[in-house]
Amino acid sequence: METREGQRAIWASGDYRTVGAQFLLASELLTEALDLRANERLLDVATGTGNLALAAARRAAAVTALDLVPDLLGHARRRADAEGLAVAFHEGDAEDLPFPDSSFDVVTSAFGVMFARNQERAAAELMRVCRPGGRIGLATWTPESYMGRMLELNTRYVPVPEGTHPPTRWGTREGLAELFGSGTGIHATPRTLRWRFPSPAEHAQVWADVYGPTATTMDALGEEGRAALVGDLLALAEELNTDTTGALLLPLDYLEVVISL
């Protein structure tokens with residue numbers, strides 16, 4: 001299992017600012033699905049560049065945001081400052097949240113906490129800091145989506161330890177029931193983002209450079225392996241491309257999850 005420093009290094013590699021900008025809509029939609037109210041105390045876990053934290057702050061929530069990577073937090077702070085939004089940012093680990101029990105009305109994570117090393121511990125931490133009667137909101141990649149298949153592709157080149165659960169466990173109803181308990185009220189809605197790029201080939205090469213898990217995999221390979229991985233990324237993008245003009249229109253399927261405690 002990866003160490004905390006290993007996780008930090010993965011997400012500090014590449015350029016998640018470029019990636020996160022593609023996922024803005026999912027955070028806006030999730031805040032609406034949560035029926036977020038002014039002054040509710042909200043914690044955004046693994047906030048990355050702050051998409052969901054800022055979406056919640058725009059809706060007048062009292063927002064706290066946490067991430068493991070200082071550079072991502074710095075970018076999120078600059079975005080909040082640019083919009084004049086009040087967000088309390090903290091460096092920290094999703095598996096060991098530095099907050100007392102029942103501190104928040106709403107706890108969220110958009111494409112973040114699903115990458116925790118210990119999934120059971122991370123889910124337990126989300127529930128611990130959320131008050132009874134509160135809500136947990138998640139946006140999670142599904143196994144069949146481009147993102148799910150791309151993440152699985154990485155493991156073909158750099159295998160993970162046997163018994164490791166894939167991040168996309170969080171993108172299935174069965175996985176969510178295992179992590180949060182079948183007695184919780186779990187409402188999962190399939191949604192789709194769409195990524196536009198000048199061409200599948202340009203996407204494949206840029207993706208290998210900017211997305212942390214893929215960039216880390218590339219760094220672990222030799223020249224032949226890197227070329228093969230980019231070729232597989234290209235083939236996957238071409239398979240799922242819905243554009244017929246030579247450009248790329250890539251559906252990104254995910255689950256929008258609201259859990260009532």
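Numbers for residues simply follow the sequence, beginning at 1. When reading the values below, keep in mind they use all heavy atoms of this one structure, side chains included, and skip hydrogens, waters and symmetry mates.
- For E95 against R121, the heavy-atom pair with the smallest separation is O-NE, 2.6 Å.
- No side-chain heavy atom of C130 sits less than 4.5 Å from a side-chain heavy atom of S102.
- Between E91 and P70, the shortest heavy-atom distance links the atoms OE1-CG, 3.6 Å.
- Heavy-atom minimum distance, P200 versus A237: CB-CB, 4.3 Å.
- Looking at R169 and E120, a side-chain N of the basic residue comes within less than 4.0 Å of a carboxylate O on the acidic one, giving a salt bridge.
- The residues R37 and E40 are annotated as not salt-bridged, no charged nitrogen and carboxylate oxygen being separated by less than 4.0 angstrom.
- With hydrogens and angles left out, the side-chain atoms of Y16 and D71 include no donor and acceptor closer than 3.5 Å.
- With hydrogens and angles left out, the side-chain atoms of D44 and T47 include a donor and acceptor closer than 3.5 Å.
- Ion pairing between a basic and an acidic side chain is recognised when a charged N comes within 4.0 Å of a carboxylate O; R128 and E125 show such pairing.
- Residues L233 and T214 meet the side-chain proximity criterion, which asks for heavy atoms closer than 4.5 Å.
- Considering every non-hydrogen atom in both N241 and L250, the closest pair reads N-CD1, 4.5 Å.
- The shortest heavy-atom contact between V113 and A122 is CG2-CB, 3.9 Å.
- Under the 4.0 Å criterion applied to side-chain N and carboxylate O atoms, R79 and E83 are not assigned as salt-bridge partners.
- Considering W170, Y146, F23 in turn, F23 is the only one that fulfils the ring pair (Phe, Tyr, Trp, His ring centres under 6.0 Å) rule with W141.
- Considering T108, L97, V63, V106 as possible partners of L43, the one that fulfils the side-chain contact (heavy atoms from CB on, under 4.5 Å) test is L97.
- For E28, the salt bridge (Lys or Arg N to Asp or Glu O under 4.0 Å) partners two or more places apart in sequence, or in a different chain, are R58, R59.
- Looking at Q205 and V230, their side chains come closer than 4.5 Å, going by heavy atoms from C-beta outward.
- Shown here is R17, whose CZ atom has no more than 12 heavy atoms of other residues, nucleotides or ligands within 6.0 Å.
- Of all non-hydrogen atoms in M218 and L229, the two that sit nearest each other are SD-CD2, 3.6 Å.
- Between E239 and R149 a salt bridge is recorded (basic side-chain N to carboxylate O distance below 4.0 Å).
- None of T140, L30, L138 except one satisfies the side-chain contact (heavy atoms from CB on, under 4.5 Å) rule with E256; the exception is L30.
- No side-chain heavy atom of F104 sits less than 4.5 Å from a side-chain heavy atom of I136.
- In this model, no donor atom of one side chain and acceptor atom of the other lie less than 3.5 Å apart for Q7 and R117.
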Between W207 and F197, is the ring-ring contact (aromatic ring centres under 6.0 Å, His included) condition met? List the steps. CA-CA 11 Å; W207 186 254; F197 226 79; 9.0 Å; no
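- For D81, the CG atom counts as densely surrounded, since its 6.0 Å shell holds more than 12 non-hydrogen atoms of other residues, nucleotides or ligands.
- At least one side-chain heavy atom of V87 sits under 4.5 Å from a side-chain heavy atom of F89.
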>> Working note: T216 + D219, criterion side chain to side chain donor-acceptor pair (under 3.5 Å); need CA distance, chi angles, decisive distance, verdict.
In response: CA-CA 5 Å; T216 301; D219 287 344; 5.5 Å; no
- Begin from the C-alpha positions of D253 and T142 and carry the test side chain to side chain donor-acceptor pair (under 3.5 Å) through to its verdict. CA-CA 6 Å; D253 297 331; T142 60; 5.4 Å; no
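- At a threshold of 4.0 Å, the pair R131-D105 counts as salt-bridged, since one of the basic side-chain nitrogens sits closer than that to a carboxylate oxygen.
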